[in-house]
There are 2 protein chains.
Amino acid sequence: MLETMDILKDRLKEKGSKLTPQRRATLNIILQNKGEHLNTEEIYELVRKDCPEIGLATVYRTLQLLEEMDIVSRINLDDGCSRYEIKTGDEDHQHHHLICQGCNKIIEVKIDLLDHLEQEIEKEYDFDIKDHKVKFFGLCSDCNKK
Amino acid sequence: MLETMDILKDRLKEKGSKLTPQRRATLNIILQNKGEHLNTEEIYELVRKDCPEIGLATVYRTLQLLEEMDIVSRINLDDGCSRYEIKTGDEDHQHHHLICQGCNKIIEVKIDLLDHLEQEIEKEYDFDIKDHKVKFFGLCSDCNKK
DNA sequence: CTAAGGTATGAAAATAATTATTAATTGAGA
DNA sequence: TCTCAATTAATAATTATTTTCATACCTTAG
Ligand SMILES: [Zn+2]
Ligand SMILES: [Zn+2]
Ligand SMILES: [Zn+2]
Ligand SMILES: [Zn+2]
């Protein structure tokens, strides 16, 4: 937990910015909710418990900042809002999501078998791929039984 | 061009709905702009040339309808609005997009090599995949030269 | 023909997520 | 302690999208 906070502090310093209580509290909530995919409003509500005076706009600004700093990644599940999760950092690319159309459950996929596909695309389209976002839609095992 | 319009007419009829001039004009614009990824506002402006009395709300309603009818697909390029393109129909899954972070160009990828990956995921996670959305971010050949 | 009942529409109002503005506060460094 | 830029909360403004609502348009029954 300390590590990520220190990384943030360093990256902020490089930019001439500082690690404020609001920023610390926001990152803490995201760290404490690894595995969840919280949206801005949900993060705001949780952060307020530790930091009741924080404003929603600050949460928006902080999340934007954390994304720029490569600390969190923004996820779009086509539900009308942005969601966030911590970047693990031990992978070159972020993991991917299975979205159940039956119960809206989100399952994380660890494997990253897109490398081969990326190589083909890079060759065929002369395009230098930096990142990708992949979502799979379908039915989870629970919903399938019904 | 006639074919897709007829398909729409049939699917609308099944639902007890009708093919109105506004709906025809909207679909025509999308058909005429194959390869583009127009957003709602852009579609509205183009449709107005043929159908000046159309309202923006009708364009929103029509695009929603076309998506339900499986005639167009909605694309989210993280630029704050929905974009649409015609579904080719000759593929099981829609094609994917390379998004250049240098010039915002969008390149379409025809190949679909995710089948193997999908099979693995279906086995490992017992998840029945119906569709997927894939975006690649990076630099196009032009931007790479700079 | 005429009324009834449903669908569709444009205009305007309402929502929801996000961003900009502003004036006050904070805190690191001289 | 003083200075000054960074940060913040509160609020207003934006933007994309949806909903409301009164009206227009069809199709069909009488
Ligand atoms: Zn499910
Ligand atoms: Zn995740
Ligand atoms: Zn480019
Ligand atoms: Zn496309």
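Letters go in sequence order (proteins before strands), and every chain restarts at 1.
Note: Asp79(A) CG to Asn104(A) CG = 8.0 Å, rounded to the nearest 0.5 Å. The CD1 atom of Ile29(B) lies 15.5 Å from the OH atom of Tyr84(B); values are rounded to the nearest 0.5 Å. In this structure, Lys15(B) NZ and Met69(B) CE are separated by 4.5 Å, a value rounded to the nearest 0.5 Å.
Note: His132(A) and His96(A) have tilted aromatic rings, judged against thresholds of 30 and 60 degrees for the angle between ring planes.
Taking atom NZ of Lys18(A) as the reference point, atom C1' of dG27(C) lies 5 Å away to the nearest angstrom.
Between His116(B) and His116(A), the gap from one ring centroid to the other reaches at least 6.0 Å.
Side-chain atoms of Arg23(B) come within 3.5 Å of backbone atoms of Lys18(B) as a donor-acceptor pair (strictly under, hydrogens ignored). Judged by distance alone, with hydrogens and angles left aside, the side-chain atoms of Glu42(A) form a donor-acceptor pair with the main-chain N or O of Asn39(A) at under 3.5 Å. For Arg74(B) (side chain) and Ser82(B) (main-chain N/O), no donor-acceptor pair under 3.5 Å exists by modelled atom type.
Taking 4.0 Å as the cutoff to heavy atoms of chain A, we find the contact window on DNA chain D bounded by dA6(D) to dA9(D).
Within residues 50-61 of chain B, the residues having any heavy atom under 4.0 Å from DNA chain D are, by residue number, Ala57(B), Tyr60(B), Arg61(B).
Across all strands, Gln22(B) comes closer than 4.0 Å only to sugar-phosphate atoms, never to a base (heavy-atom distances).
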